[in-house]
Every structure is written in C-alpha cells, then in structure tokens.
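Only this structure's heavy atoms are used, side chains among them; waters, hydrogens and symmetry mates stay out. Numbered from 1 within each chain, the chains take letters A, B, ... in sequence-line order.
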There are 2 protein chains.
Amino acid sequence: MINTLRALLKQKGYSLTKPRLIVFGVLAGKEPQTMAEIIGLTANKIDRATVYRTIELFEQAGIAHRLNIGFKYKIELTEVFNGHHHHLHCTACGRTFPLPANPMLETMIDTVASKADFAPRGHQLEIYGLCQNCSKPS
Amino acid sequence: MINTLRALLKQKGYSLTKPRLIVFGVLAGKEPQTMAEIIGLTANKIDRATVYRTIELFEQAGIAHRLNIGFKYKIELTEVFNGHHHHLHCTACGRTFPLPANPMLETMIDTVASKADFAPRGHQLEIYGLCQNCSKPS
DNA sequence: CAGTATTTGCAAATTTGTCGCAATAATCTA
DNA sequence: TAGATTATTGCGACAAATTTGCAAATACTG
C-alpha cells in the first residue's frame, strides 16, 4: 500500500513526505472524508494550506479523488487502492458506503452514453437513500 | 409550469414572490447553471443572499436541486419540470448535457442498491467524457 | 384594504480555499 | 554521509463563496 503510494508519487516526481503520509493515513481504509474532516483530523500536525495542496497533488498523481455528494464533496483514495465502486449515501446519517461495481451496470452506462454520441471516459454514480441501520424501525 | 411552481411552494407554505419567479425563470428550460451564473444573471434585480436563500428553498420544496459536477455544482429544476435524466459532462468544453433516463438502467441501479441492503430513494449519474462536438477531429 | 406573517436587501461575519515567501526537509552527488 | 540543490511546509495575508441579523418592503388572509 505504502509502496503503491510511493510509486505513484515518484511517477510524477513528487516525494513521499511526512505530511503526505499523514494525509494518506487519514484516507486509507476509511469512508470518504470531507475536507473539514481531514483538516480537523490533522490540525495539530499539518497546516490547512498543506492539506489542500496535498489533496490536489494526490488527485494529480491518481492517488485520491473528489467524490461529489449532495452539497459537499468528500475525498477518497482512487480505485488503485479501493477498486472501482459506486456509492450509497445515507440521507439520514450522512455516511457514505462503497458499492462494488457491477460489470453489467458498468457496461450499460458506457453503452447508454455512446448511443447519445458521447465518448465516455468515466462516470460517477451516487445512490441516495437509507442505509440498513437508518431504515430499521426504531 | 408556473402553476406547478406555485403548487409546490404552497405545499410547503411558501409564497410566490417576484425574486422567486425570476430565479425560476433563469433555470427553466436551460442547461444546469452554476451559482455564479444565476447570481450574475439576476444581479441587477436580486441580492446575492436572496439567490442563495431561494435556491435552498427550491431544494426543500422539490423545485430545483444541486448537481455535482467536477469541482463545482450546478442547479437545475427537478424532474417534476425536466423529467428524470442523467448527465453527460464534457471535460473539454465544460458543458453539461441531459441524458434521458433508460428504464433498464434505472431498474438495475435500484436493484444493485437493494441487494446491498440499502433502500434507494434516488440517484445521480454523471458521465464524464467528450461531447460529439469536442471529439470531432479538428 | 388593514393586519399579520413572510421575505428581501444590505452590511457584516463566517467559512472555504489560495498565494507569496522565508524556513525546513528531502534528494542527489561526490 | 556531508554539502549542495530542489521540493515542500508553515505562516500570515488574501480572495472568494456562503451565511446571518435585522429593519424595511412585500405577500397573504380575512
């Protein structure tokens, strides 16, 4: 994991610094995080500006990317680390869950775009609703 | 159209005011707009703060909703006015095109979510790539 | 049309994201 | 591994985006 990180950084000529490792640590194996969350979790270690710069750099290096959810956006590691997937966003508790990609669905999405004379390069599917926990009768 | 607008507002106990009509007019029948665009188009008629408040109110009343595209978000009228559809976002020219919903695709999305023990209430699919115009050989 | 409740504009305050630059840490070379 | 070179960080100042309080204006009700 760290090796992949190092490799992706090196590919772009970036170095693996302490702040970058910290930000990566905050993202690894967690649900997508908002900027505020990342900044909060690293507040005593890294400056706000560095967090923004790091995220931007991670995006350029294909390490992390933005996920648009409702108003805000959240950051998560790319499919290199997480595999391609979509998201289930619970409108009750605000959590975001990964939904493993379904090959048939992927194909259909590309097909539908192509039929509209559009050359698809990627997509993002966000499903809104209630997670298992929030739809339980209280 | 205006009647539907009035009805949706009344349903929530909101009144149909001049500023709300103006904002509605800016959104009706157009591509999704960014906040900056809406504010710009109404600058000499409505205060910025009112635009923000109106959009928020439109969201609550199911009149308009936010569409997340790349970094920014855009506003468009809901399916009540526009029908359910997805979006093709051209990464070259930045335009956003509607993609009429495909029933089979819709079904598959709901199914996939349900299988993950999630109760889907809606979804948003953004496809990124090149529009017909931008993929032409120049 | 008056009375009441809602909504607006304005100005100020927050929040969010960016930038320049000197200090610091990482990388490279010998 | 020391020393030179380059990339990166923290800090403070900015700039942009969004929110809020409140008095004045507008819409709705009877």
Side-chain angles (χ1 to χ4, degrees), chain A residues 2-3 5-27 32-61 63-76 94, chain B residues 2-27 32-61 63-75 94:
Chain A
I2 299 287
N3 286 336
L5 170 64
R6 190 189 308 274
L8 286 172
L9 285 172
K10 188 163 235 172
Q11 216 168 74
K12 289 272 182 174
Y14 302 137
S15 44
L16 179 54
T17 66
K18 209 178 301 180
R20 286 170 193 171
L21 255 176
I22 295 175
V23 172
F24 183 81
V26 167
L27 296 173
Q33 321 262 323
T34 63
M35 271 294 179
E37 287 166 343
I38 301 172
I39 291 171
L41 286 170
T42 58
N44 42 0
K45 299 174 203 149
I46 321 177
D47 187 76
R48 217 169 64 249
T50 300
V51 174
Y52 280 109
R53 285 187 281 227
T54 301
I55 294 300
E56 194 195 338
L57 182 148
F58 276 10
E59 289 188 276
Q60 290 186 0
I63 294 166
H65 68 124
R66 300 189 191 215
L67 229 175
N68 292 300
I69 291 169
F71 289 29
K72 309 240 146 193
Y73 62 80
K74 293 184 178 179
I75 309 291
E76 70 171 355
Chain B
I2 299 286
N3 286 337
T4 308
L5 170 64
R6 190 189 308 273
L8 286 172
L9 286 171
K10 189 163 234 170
Q11 218 168 72
K12 289 273 182 173
Y14 301 138
S15 44
L16 179 54
T17 66
K18 210 179 299 180
R20 286 171 193 170
L21 256 176
I22 295 175
V23 171
F24 183 81
V26 166
L27 295 173
Q33 321 261 324
T34 62
M35 270 294 177
E37 286 165 343
I38 301 173
I39 291 170
L41 286 170
T42 58
N44 42 359
K45 298 172 203 152
I46 322 177
D47 186 75
R48 226 171 46 249
T50 301
V51 175
Y52 280 109
R53 284 188 282 228
T54 300
I55 295 299
E56 193 195 338
L57 183 147
F58 275 11
E59 290 189 275
Q60 289 186 0
I63 294 166
H65 69 124
R66 300 186 191 215
L67 230 175
N68 291 299
I69 293 168
F71 289 28
K72 309 239 148 197
Y73 62 82
K74 294 184 178 179
I75 310 291

Which of D/dT9, C/dT8, D/dT19 is nearest the side chain of B/Y52? It is D/dT19
To the nearest 0.5 Å, atom CG of A/L57 lies from atom CG of A/L9 at 6.5 Å
To the nearest angstrom, the CD-P distance between B/E56 and D/dA17 comes to 19 Å
Whole-Å distance, A/L21 CG to C/dA26 P, equals 10 Å
Nearest heavy-atom contact between B/K12 and B/Q60 is CE-O, 3.2 Å
Rounded to whole Å, the CE-P distance (B/M35 to C/dT16) equals 16 Å
| request: Measure distances between side-chain N and O atoms of B/R53 and base N and O atoms of C/dG9, and say whether any donor-acceptor pair falls under 3.5 Å. | output: yes
Paired with B/I46, the side-chain contact (heavy atoms from CB on, under 4.5 Å) test is passed by just one of B/T54, B/V23, B/I38, namely B/V23
From NZ of B/K18 across to C1' of D/dC28 the rounded distance in Å is 16 Å
From CG of B/L16 across to P of C/dT8 the rounded distance in Å is 10 Å
B/I55 CD1 to D/dA17 C1', in whole Å, measures 15 Å
The reported gap from CG in A/L21 to CD1 in A/I2 (rounded to nearest 0.5 angstrom) is 5.0 Å
Of the listed D/dT18, D/dT8, D/dA27, the closest approach to the B/S15 side chain comes from D/dA27
Separation between CZ (B/R48) and CZ (B/R53), nearest 0.5 Å, reads 11.5 Å
When rounded to whole Å, the CD1 to P distance for the pair B/I22 and C/dT7 reads 16 Å
Here the distance between atom P of C/dA25 and atom CG of A/L9, to the nearest Å, is 19 Å
Below 4.0 Å: OP1/OP2 of D/dT8 and any side-chain N or O of A/R20: yes
Expected list for residues 37-50 of chain A near DNA chain C, using heavy atoms below 4.0 Å, is A/R48, A/A49
Is any side-chain nitrogen or oxygen of A/Y73 closer than 4.0 Å to OP1 or OP2 of C/dG17? yes
Query raised in the report: Please walk me through it: do B/L67 and B/I75 pass side-chain contact (heavy atoms from CB on, under 4.5 Å)?
Result: CA-CA 6 Å; B/L67 230 175; B/I75 310 291; over 6 Å; no
### Task
Would you indicate, yes or no, if D/dT9 has its OP1 or OP2 atom less than 4.0 angstrom from a side-chain nitrogen or oxygen of A/Y14?
no
Between the OH atom in B/Y14 and the CG atom in B/L8, the distance rounded to the nearest 0.5 Å is 12.0 Å
